[in-house]
Amino acid sequence: MEQLQRAIIERGSVLSDDVLKVDQFLNHQIDTNLMINIGREFVSRFQDSKITKVLTIESSGIAPSFMAANELDVPLVFARKKKSLTVTDYIYSSGVYSYTKQEMNNITVSKNYLSSDDHVLIIDDFLAHGNAALGLIDVVKQAGASVAGVGIVIEKSFQEGRKMLEREGHRVESLARIHSLEGSKVSFLEELATK
Ligand code: 5GP
């Protein structure tokens, strides 16, 4: 997705050989036009999948997922990282190790919002080692629902997340695939010039 690749190049910053900062358009300040187009791109990739719900994880997954769910005309559910006082024991939960914060989070989703009838599109901002996506898949399985696929805004293809998901038979659609962040330079699997 060219608009996204341009945003990464022009407005992203490489923090280390394996961490990209995208606070300017995705993780803090949000480029709403870009999010609308990201939503449309996810929909075009999963349009034949008969999705009934979009599932993401707070907080950075919400903006791109909101636009996809709106286009698909289905509800958006986000997993919470901290247990809410208003959600009692009626929850699905899964342990997820956070790559950027280097801590374990117990993600939770109320049983009211996922059921065995659901066919779920999982969306997240980044795919690194696959822990967040696998935690969300675990929650979907606990509900007896099915996974339509995993939509990722930015995949770091040099980490093993895609392999982990594909090994379990999941379809992964990433809108930007980063081959390397070495030397403070972002290089994509498919460079802009080849598009
Ligand atoms: P994973 O669970 O696949 O190891 O990592 C994905 C999660 O970690 C995402 O939800 C995202 O919030 C965070 N993350 C992983 N790598 C990066 C990165 O390079 N930059 C940012 N901003 N977040 C990342």
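In each ligand, atom 1 is the first atom listed, and ligand 1 is the first ligand listed.
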**Message:** Check this for me: does any side-chain nitrogen of one of K81 and E58 sit under 4.0 Å from a carboxylate oxygen of the other?
**Reply:** no

**Item:** atom 12 (O) of ligand 1: the protein heavy-atom neighbour that sits closest, reported with distance to 0.1 Å
**Value:** D125 OD1, 3.4 Å

**Message:** By the definition side-chain contact (heavy atoms from CB on, under 4.5 Å), identify the one residue from L134, L121, L165 that meets it with V150.
**Reply:** L165

**Item:** Numbered atoms of ligand 1 (with element) below 4.0 Å of N131, judged on heavy atoms
**Value:** 1 (P), 2 (O), 3 (O), 4 (O)

**Residue and atom name of the nearest protein heavy atom (relative to atom 15 (C) of ligand 1), distance in Å to one decimal** = Y99 CD2, 3.6 Å

**Asked** When only distance counts, is H129 in polar contact with ligand 1, meaning an N/O pair under 3.5 Å?
**Response** yes

**Test applied, side-chain contact (heavy atoms from CB on, under 4.5 Å); reference residue, F126; option that passes from I152, N27, V19, I178** = N27

**Item:** Geometric N/O contact L20 with ligand 1, under 3.5 angstrom
**Value:** yes

**Request:** Considering only non-hydrogen protein atoms, determine which one is nearest to atom 21 (C) of ligand 1 and report residue, atom name and distance to 0.1 Å.
**Result:** F126 CE1, 3.3 Å

**Fill in**
Closest non-hydrogen contact found for S180 with E182 is OG-N, 3.0 Å

**Message:** Can a side-chain donor-acceptor contact be found between T52 and H119 if the only test is distance below 3.5 angstrom?
**Reply:** no

**Item:** T100 N/O under 3.5 Å from ligand 1 N/O
**Value:** no

**Fill in**
Correct closest heavy-atom pair for A63 and I30 would be CB-CD1, 3.7 Å

**Asked** At what distance is the nearest protein heavy atom to atom 22 (N) of ligand 1, and which residue and atom is it?
**Response** N27 OD1, 3.0 Å

**Message:** Does any N or O of ligand 1 fall below 3.5 Å from an N or O anywhere on G130, backbone included?
**Reply:** yes

**Identity and distance of the protein heavy atom lying nearest atom 17 (C) of ligand 1** = K156 NZ, 3.4 Å

**Request:** Pull out every atom of ligand 1 sitting under 4.0 Å from any heavy atom of A132, numbered as shown with elements.
**Result:** 2 (O)

**For T56 against S65, the heavy-atom pair lying closest together** = CB-OG, 3.2 Å

**Complete:** Taking every heavy atom of V139 against every heavy atom of S94, the minimum-distance pair comes out as CG2-CB, 4.1 Å

**Asked** Do any N/O atoms on V22 end up under 3.5 angstrom from N/O atoms on ligand 1?
**Response** no

**Request:** Tell me which protein heavy atom sits closest to atom 10 (O) of ligand 1, plus the residue, atom name and distance to 0.1 Å.
**Result:** D124 OD2, 2.7 Å

**Prompt:** Passes side-chain contact (heavy atoms from CB on, under 4.5 Å), K163 versus R167? Steps please.
**Reply:** CA-CA 6 Å; K163 201 169 72 190; R167 189 189 289 162; 3.9 Å; yes

**Fill in**
re atom 5 (O) of ligand 1, the protein heavy-atom contact at minimum distance is A128 CB, 3.5 Å

